[in-house]
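Worksheet: the structure to be examined is printed underneath.
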Amino acid sequence: MSKQDFQLFSMVPLLRAAEQSSLNGRPAAIGAFNVNFYTQAEGILEGLKRADAPGIIQASRGANKFQGGPDKISAMVLAAMKETGHDLPVSLHLDHGDDEKGRECVDNGFSSVMIDASKLDLKDNIAATKSILNYAHPRGVSVEGEFGKLEGVEEDVIHESTTYADPFLVPHFFNESKADALAVAYGTAHGPNKGKGTDKLAIHIVQASYAGMKAYGQNENHFLVGHGSSTVPKELVEEINRYGGGIKDSAGIPMQKIQEAIAAGIRKVNIDTDLRLGITAAFRKFFHDNPGVEKKSPNVLVPIKQALDSHPEFIDPRDYLKTIDIGLLRVHPRGGDLEPVMVLIKERIAAHVEMLVRKFGSAGLAASVERVTLAEMAKRYDRN
Ligand code: G3H
Ligand code: 13P
Ligand code: ZN
């Protein structure tokens, strides 16, 4: 395959395919999965392929820092696409960005960026969203904003409680900012402890936001996003805890609620925590099932095992993978010390991603995505 076959797409054609499917009576959303290292990208791509689904791979500012910058992330994701011969439409998106990181990502191979200015008041939030958009759209790159506040920690944005998005202002936000997508806070929360968040789910906020967008004819070019949507599978938490972990009070968003939110108008569903749990469970099980395995590769596996043994609370793979050379995490672990555990991780992520995108209704949608280049997207923005 030529290099050109591995281009990354704006989120717009992917989200539009989900909207079209929904308008045709089959509610759908595109899965957006966070990535931190190579095998995670491969697992996501494999899951998407099994379901014939378009998908979004996203990297936070933390992921960018971990990998050493957006150029490293985009090279890593393209390498995974090449390795797996992935020819379904994929976007590479900056998750919870700011202006500076947004511009850096636009310049370094990302096809979509999010600006999370949710801590600002509405007027300043819209202005901040517009500012990055004025840089991204002339380059064909799509933009996601955030309206309302999700409970929990996200980079430097920490909210102690939920501030719901005001659905009556959603069309206004789109109209003023021209954002392609908008994360609306409707009661979900980041991380593995969504107990309180789940009680607070207010799907009518999504419904009313979407109804307003339709009334203004915005729904074919602008789309609603649900953050904090991990399901936090009990089996994974149990597996982590059985093999030395210590996750307490875990709770995710029930799948039925995510599906209700999709039926109400959500077109992009963000998942990070589920993948972190799957990766951590795989590492813990690997060390448990293969006693002494770390001694065979002391430079790589010993520091990871030590970090996991001394920190039962770790669920973020970056907390224990940072003990090893980052170079190993940017490439296929072919024949290396990490390969056996990475094989488990890839399979686990692939299976979970496939299951999720089937439930999100985006399985089989790959062929309905218009394969419009970023250059052509830029022209279209310019005409409007
Ligand atoms: O909400 C987004 C993700 O969970 C990203 O998390 O900032 O720790 O990479 P991170
Ligand atoms: P989770 O913590 O529920 O996976 O949320 C992911 C997310 O919103 C990424 O932006
Ligand atoms: Zn988020």
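Along the sequence shown, residues carry numbers from 1. Every number for a ligand or one of its atoms is a count from 1 in the order of the listing.
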Quiz item: Between N34 and D95, is any side-chain donor less than 3.5 angstrom from a side-chain acceptor?
Solution: yes
Quiz item: Is the closest side-chain donor-acceptor distance between K268 and Q58 under 3.5 Å?
Solution: yes
Quiz prompt | Side-chain donor-acceptor pair present, D309, Y320, cut-off under 3.5 Å | solution = no
Quiz item: If you measure only the distance, is there a donor-acceptor pair under 3.5 Å linking the side chains of Y210 and Q218?
Solution: no
Quiz item: For ligand 1, does M114 get within less than 4.0 Å through its side chain, its backbone, both, or neither, judged by non-hydrogen atoms?
Solution: neither
Self-check item: For ligand 1, the portion of R276 having any non-hydrogen atom under 4.0 Å away
Solution: side chain
Quiz item: Near R380 CZ, under 6.0 Å, is it more than 12 heavy atoms from other residues, nucleotides or ligands?
Solution: yes
Exercise. Quick one: look at S60 and ligand 2, take heavy-atom pairs under 4.0 Å, and tell me if it's side chain, backbone, both or neither.
Key: neither
Quiz item: Mind checking whether F287 and Y243 have ring centres under 6.0 Å apart?
Solution: no
Practice problem: State the atom name: nearest N, O or S atom of H227 to the Zn ion (ligand 3). | Solution: ND1
Self-check item: Modelled atom types, side-chain donor and acceptor of R267 and N219, under 3.5 Å
Solution: no
Self-check item: Distance, nearest 0.5 Å, that separates CZ of R103 from CZ of R139
Solution: 8.5 Å
Quiz item: Using a heavy-atom cut-off of under 4.0 Å, does the side chain or the backbone of T273 touch ligand 1, or both, or neither?
Solution: neither
Quiz item: At a 4.0 Å threshold, what atoms of ligand 1 neighbour a non-hydrogen atom of N34?
Solution: 3 (C), 5 (C)
Quiz item: What are the atoms of ligand 2, with element, lying closer than 4.0 Å to any heavy atom of H96?
Solution: 10 (O)
Quiz item: Looking only at N/O atoms, are D272 and ligand 1 under 3.5 Å apart anywhere?
Solution: yes
Quiz item: Between the side chains of N36 and Q67, does any donor sit under 3.5 Å from an acceptor?
Solution: no
Quiz item: Taking only heavy atoms of H190, which atoms of ligand 1 are found under 4.0 Å from at least one of them?
Solution: 1 (O)
Exercise. Check ligand 1 against S60 and write out every atom of the ligand that is under 4.0 Å from a heavy-atom position of the residue.
Key: 5 (C), 7 (O), 9 (O), 10 (P)
Practice problem: Select one of side chain, backbone, both or neither to describe which atoms of H227 lie under 4.0 Å from any atom of ligand 1, heavy atoms only. | Solution: neither
Self-check item: S362 OG to D52 CG distance, which is reported to the nearest 0.5 Å
Solution: 10.0 Å
Quiz item: At a non-hydrogen distance cut-off of under 4.0 Å, which region of D95 contacts ligand 1 (side chain, backbone, both, or neither)?
Solution: side chain
Exercise. Please determine if D274 has a nitrogen or oxygen closer than 3.5 Å to a nitrogen or oxygen of ligand 2.
Key: no
Practice problem: Nearest 10° is fine: what angle sits at the Zn ion (ligand 3) between NE2 from H96 and NE2 from H190? | Solution: 100°
Self-check item: H352 and D274 side chains, donor-acceptor separation under 3.5 Å
Solution: yes
Quiz item: Which atoms of ligand 2 sit under 4.0 Å from any heavy atom of S229?
Solution: 3 (O), 5 (O)
Exercise. Indicate, as side chain, backbone, both or neither, the part of I271 found under 4.0 angstrom from ligand 2 when only non-hydrogen atoms are considered.
Key: backbone
Quiz item: Relative to atom 1 (P) of ligand 2, which among N34, L277, L150, T273 owns the nearest non-hydrogen atom?
Solution: T273
Quiz prompt | Heavy-atom gap K194 to ligand 2 smaller than 4.0 Å | solution = yes
Quiz item: Does the side chain of D382 pick up a donor-acceptor pair with the side chain of H137 at under 3.5 Å?
Solution: no
Quiz prompt | Contact atoms of ligand 2, heavy-atom distance to G191 under 4.0 Å | solution = 2 (O)
Quiz item: What atoms in ligand 2 come closer than 4.0 Å to a heavy atom of H227?
Solution: 8 (O), 10 (O)
Quiz item: With a cut-off of 4.0 Å, which atoms of ligand 2 are near a heavy atom of G228?
Solution: 1 (P), 3 (O), 5 (O), 6 (C), 7 (C), 8 (O)
Practice problem: Spell out, as yes or no, whether a donor-acceptor pair under 3.5 Å connects the side chain of S60 to the backbone of G62. | Solution: yes
